[in-house]
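Sharing a structure, written as structure tokens. Questions coming.
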Amino acid sequence: MKRLIAFSILLAICLVTAMVSPVAAQGEIQEYVQLSKPLSVDRASNDGYSIPVNSTIYHRDNRVTEIYGPDKKHILSAKDSEAGLVTTPSGYAPATRVHQVPSGTCIVHDDNVTNVYDNNSRNNCLLTIVDQNSKVRQDFPATLDWIEDSHSKNQFSYLTTFVAKWTVPSSPPDAGGDATCFLFNGIQPTLRTFLLQPVLEWNQKGSHRWTGAAWYYQDDDNWFRATSVNANTGNTIHGNMWYVDDPWIPDEGWIVQLFNTTTGQGSTLQTYGYCSTFRNLRTVCALEGKRITDNNDVPGDTTFCDMYCRAFGQNLNIDWGAHVSTSFPLTDLGVDIYSSSKVRLRTAN
């Protein structure tokens with residue numbers, strides 16, 4: 001009788017464990033898919049590898065990513081080390097770590113679990129990400145690919161709003177190349193554990209045109225990109241970031257929005273939990289580039305204007321510093337600081 005009870009308890013534990021974190025059956029031959037596109041639950045975009053809504057992604061401690069559908073059935077496994085690298089506005093990332101999500105979705109962090117919810121129904125979970133690799137979380141070298149930038153010299157003790165406006169510049173003269181460029185205003189904490197970015201993108205995913213999207217990075221190596229919108233030279237872009245206390249969720253966090261006022265289209269993300277802080281933050285306006293070989297690979301000058309930072313409704317002065325990288329084969333770069341609300345990033349075009 002005791003053996004039967006012990007066996008029953010052991011069986012129950014195994015069943016619970018399987019429900020919490022499914023794994024392939026022991027002895028099963030594991031086949032790995034080499035992913036080259038971001039994992040996507042965004043039905044409005046074809047920019048990623050489509051997976052079913054309400055799937056669960058497990059980032060295992062052995063650097064293997066496993067995906068299970070809403071029916072808990074195994075969809076695929078992929079080695080992070082074999083995945084293609086995706087261009088993001090905070091560095092290259094393996095496709096297994098980049099997530100394409102619908103605009104307006106709400107990203108909620110709770111320890112090592114991240115849930116992505118439909119903005120129209122917080123009970124509708126679009127995606128769950130379980131990160132079991134405790135060794136991943138670290139500072140990220142996001143600024144390595146920044147060609148030039150203005151940045152706040154000192155951290156803000158409190159910051160709840162950062163808004164900037166700019167005009168889509170001329171495209172890089174060599175439109176046939178594979179160079180990728182990003183223009184954005186952004187917020188990151190002093191420890192750089194996350195990065196909020198409304199991003200104007202040139203040639204993202206080989207589009208050879210301007211697009212815009214809200215991006216969010218967290219330092220457990222997960223990137224999120226909302227549905228992009230189109231843009232053209234001369235369009236007016238607003239990069240908006242607001243700190244909010246959402247009554248639907250027992251936490252606080254940020255809204256990131258890139259809005260094209262010329263077309264009336266926007267791309268938005270909401271984040272709660274992990275980045276729920278308004279303390280010790282810095283601001284930046286940057287031009288970032290990948291596969292840059294000469295001046296023909298970068299866009300024209302960009303002026304960020306009508307910028308303001310606020311803390312709970314009170315205006316804050318931005319004391320900008322300037323930085324120009326010497327790591328790129330470019331000439332005639334420069335950062336002009338006109339005021340707290342206006343800076344220009346200069347190129348040779």
| Are any of the side-chain heavy atoms of Val41 and Ser50 separated by less than 4.5 Å? |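 No, their side chains stay 4.5 Å or more apart.
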| query | Should Asn235 and Thr263 count as side-chain neighbours, where that means a heavy-atom distance under 4.5 Å? | reply |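 When only atoms from C-beta onward are counted, Thr263 and Asn235 do touch, with a gap below 4.5 Å.
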| task | Quick one: closest heavy-atom pair of Ser36 and Ala95, and the distance? | result |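 Between these two residues, the closest heavy atoms are C-CB, 3.8 Å.
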| task | Kindly indicate whether the side chain of Asn280, heavy atoms from C-beta on, has any atom under 4.5 Å from the side chain of Pro189. | result |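 Sidechains of Pro189 and Asn280: no contact.
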| Any luck finding a side-chain donor-acceptor pair between Asp42 and Ser40 under 3.5 Å? |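 No donor-acceptor contact under 3.5 Å links the two side chains.
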| Heavy atoms of other groups near Asn230 CG, more than 12 under 6.0 Å |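 Yes, CG of Asn230 has more than 12 neighbouring heavy atoms, counting only those of other groups under 6.0 Å.
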| field | From CG (Leu316) to CG (Leu159), nearest 0.5 Å | value |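 Rounded to the nearest 0.5 Å, the CG-CG separation comes out at 6.5 Å.
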| Sub-4.5 Å side-chain heavy-atom contact between Asp301 and Thr303 |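 Heavy-atom side-chain distance check fails, nothing below 4.5 Å.
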| query | Could you state the interatomic distance from CD1 (Ile57) to OG1 (Thr128), rounded to the nearest 0.5 Å? | reply |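 Separation between the atoms: 9.0 Å.
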| How close do Ser171 and Trp202 get, heavy atom to heavy atom, and via which atoms? |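 Looking at all heavy atoms of both residues, the shortest contact is OG-CZ3, 3.5 Å.
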| Any donor-acceptor N/O pair, Asn295 side chain to Thr347 backbone, under 3.5 Å |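 The answer is no, because no donor-acceptor pair under 3.5 Å joins these two groups.
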| message | Please confirm whether the ring centroid of Tyr68 lies under 6.0 Å from the ring centroid of Tyr58. | response |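 Distance test on ring centres: under 6.0 Å, yes.
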| Is there a side-chain contact (heavy atoms from CB on, under 4.5 Å) between Ile187 and Trp254 once you walk through the steps? | CA-CA 10 Å; Ile187 293 175; Trp254 287 87; 3.7 Å; yes
| request: Measure the NZ-CZ distance between Lys79 and Arg63 for me, rounded to the nearest 0.5 Å. | output: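 Output value for this atom pair is 13.5 Å.
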| message | Measuring from atom OG of Ser340 to atom CD1 of Ile318, what distance do you get when rounded to the nearest 0.5 angstrom? | response |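 It comes to 4.5 Å.
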| query | Side chains of Tyr272 and Glu252: do they bring a donor and an acceptor to under 3.5 Å? | reply |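 Short answer, no.
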| said: Minimum heavy-atom separation for Leu345 and Cys285, please, with both atom names. | reply: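 That closest heavy-atom pairing would be CD1-O, 4.1 Å.
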| message | Between Thr262 (side chain only) and Thr236 (backbone N and O only), is there a donor and an acceptor less than 3.5 Å apart? | response |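 Side chain of Thr262 to backbone of Thr236, a donor-acceptor pair under 3.5 Å: yes, one is there.
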| task | With sequence neighbours excluded, tell me which residues meet salt bridge (charged side-chain N to carboxylate O under 4.0 Å, His left out) with Asp306. | result |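 Testing Asp306 for salt bridge (charged side-chain N to carboxylate O under 4.0 Å, His left out), a comparison that skips the adjacent residues, returns Lys165.
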| said: The test is side-chain contact (heavy atoms from CB on, under 4.5 Å); show your working for Tyr92 and Thr87 and say whether it passes. | reply: CA-CA 5 Å; Tyr92 286 111; Thr87 305; 3.7 Å; yes
| task | For residues Gln270 and Thr105, determine if any side-chain heavy atom of one lies less than 4.5 Å from a side-chain heavy atom of the other. | result |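 A side-chain contact under 4.5 Å is absent here.
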| field | Side chain Ser152, main chain Gln155, donor-acceptor under 3.5 Å | value |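 Not at all, since once roles are kept as given, no pair shorter than 3.5 Å links the two residues.
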| Do Ser150 side-chain atoms and Val343 backbone N/O form a donor-acceptor pair below 3.5 Å? |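 Not a single qualifying donor-acceptor pair exists.
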| said: Just by distance, no angles: are the side chains of Asp80 and Thr65 close enough, under 3.5 Å, to form a donor-acceptor pair? | reply: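 Looking only at side-chain atoms, Thr65 and Asp80 do form a donor-acceptor pair, the distance falling under 3.5 Å.
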| query | Sub-3.5 Å donor-acceptor pair from the side chain of Gln197 to the main-chain atoms of Pro89, do we have one? | reply |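 Confirmed, Gln197 side chain pairs with Pro89 backbone.
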| Residues Arg97, Asp131: salt bridge by 4.0 Å N-O rule |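 Looking at Asp131 together with Arg97, the answer is yes, because their closest N to O distance falls below 4.0 Å.
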| Side chain proximity check, Tyr158 to Phe312, heavy atoms < 4.5 angstrom |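 SC-SC contact between Tyr158 and Phe312 confirmed.
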| task | Answer yes or no: are there more than 12 heavy-atom neighbours, outside Lys37 itself, under 6.0 Å from its atom NZ? | result |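 No, NZ of Lys37 has 12 or fewer neighbouring heavy atoms, counting only those of other groups under 6.0 Å.
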| message | Walk me through whether Tyr217 and Phe194 qualify under side-chain contact (heavy atoms from CB on, under 4.5 Å). | response | CA-CA 5 Å; Tyr217 172 80; Phe194 63 83; 5.8 Å; no
| request: State whether Lys290 and Asp145 are salt-bridged, where the test is any N-O pair (Lys NZ or Arg NE/NH1/NH2 against Asp/Glu carboxylate O) under 4.0 Å. | output: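 Asp145 and Lys290: salt-bridged.
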| Where at least one partner belongs to residues 286-311, residue pairs that pass ring-ring contact (aromatic ring centres under 6.0 Å, His included), sequence neighbours excluded |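 Listed once each, the pairs are Trp166-Phe304.
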| query | Nearest heavy-atom pair of Ala179 and Ile292: which atoms, and what distance? | reply |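 That would be CB-CD1, 3.9 Å.
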| Test ring pair (Phe, Tyr, Trp, His ring centres under 6.0 Å) applied to His99 and Tyr216, Phe224, Trp215, Tyr49, the passing residue |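 Single ring pair (Phe, Tyr, Trp, His ring centres under 6.0 Å) partner of His99 among Tyr216, Phe224, Trp215, Tyr49: Phe224.
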| task | Might you work through the side chain to side chain donor-acceptor pair (under 3.5 Å) test for His323 and Glu148, ending with a clear yes or no? | result | CA-CA 6 Å; His323 171 261; Glu148 55 188 3; over 6 Å; no
| task | Would you confirm whether Asn185, through its side chain, and Gly239, through its main-chain N or O, come within 3.5 Å as a donor-acceptor pair? | result |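 Looks like yes, one N/O pair under 3.5 Å.
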| Can you tell me if Gln132 and Asp61 form a side-chain donor-acceptor pair at under 3.5 Å? |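 Judged by distance alone, the side chains do not pair up.
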| query | Does some side-chain heavy atom of Phe259 sit less than 4.5 Å from a side-chain heavy atom of Ile237? | reply |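 Answer no - side chains too far apart.
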| request: Start with the C-alpha gap between Asp149 and Val335, add the side-chain angles, then the distance that decides, and say whether side-chain contact (heavy atoms from CB on, under 4.5 Å) holds. | output: CA-CA 7 Å; Asp149 67 85; Val335 178; over 6 Å; no
| request: To the nearest 0.5 angstrom, please state how far the CD1 atom of Ile107 sits from the CG atom of Asn115. | output: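 Nearest 0.5 Å value for the CD1-CG distance: 11.0 Å.
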| Excluding sequence neighbours, so at least two apart, what forms salt bridge (charged side-chain N to carboxylate O under 4.0 Å, His left out) with Glu201? |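 Glu201: salt bridge (charged side-chain N to carboxylate O under 4.0 Å, His left out) contacts with Arg225.
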| Is there a donor-acceptor contact under 3.5 Å from the side chain of Arg209 to the main chain of Ala231? |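 Looks like yes, one N/O pair under 3.5 Å.
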| said: If we ignore hydrogens and angles and just use 3.5 Å, is the side chain of Asn203 paired with the main-chain N or O of His208 as donor and acceptor? | reply: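 Yes; at least one donor-acceptor contact below 3.5 Å.
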| Does any N or O in the side chain of Ser228 come within less than 3.5 Å of the main-chain N or O of Thr211, such that one atom is a donor and the other an acceptor? |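 Side chain of Ser228 to backbone of Thr211: no pair is present.
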| Quick one: do Leu183 and Ile337 end up in the same hydrophobic cluster if we chain Ile, Leu, Val, Met, Phe, Trp and Tyr together by side-chain heavy atoms under 4.5 Å apart? |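 Yes.
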| For the residue pair Val53 and Cys125, what are the closest heavy atoms and their distance? |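 Scanning both residues, the minimum pair turns out to be CG1-O, 4.3 Å.
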| request: Kindly compute the distance separating CG (Asp71) from CD1 (Ile75), expressed to the nearest 0.5 Å. | output: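 Going from CG on Asp71 over to CD1 on Ile75, the span is 7.5 Å.
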| Criterion salt bridge (charged side-chain N to carboxylate O under 4.0 Å, His left out) on Asp297 and Arg291, from CA distance to verdict | CA-CA 8 Å; Asp297 290 332; Arg291 297 180 292 276; over 6 Å; no
| request: Identify the heavy atoms of Thr96 and His59 that sit nearest to each other, and give their distance. | output: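 Looks like O-CE1, 3.1 Å.
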| query | Do Asn240 and Thr161 have side-chain heavy atoms sitting under 4.5 Å apart? | reply |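 When only atoms from C-beta onward are counted, Thr161 and Asn240 do not touch, as no gap falls below 4.5 Å.
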| field | Any donor-acceptor N/O pair, Arg282 side chain to Lys153 backbone, under 3.5 Å | value |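 Here the side-chain-to-backbone pair exists.
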| field | Tyr338 ring center near Trp320 ring center (under 6.0 Å) | value |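 Centroid separation for Tyr338 and Trp320: 6.0 Å or greater.
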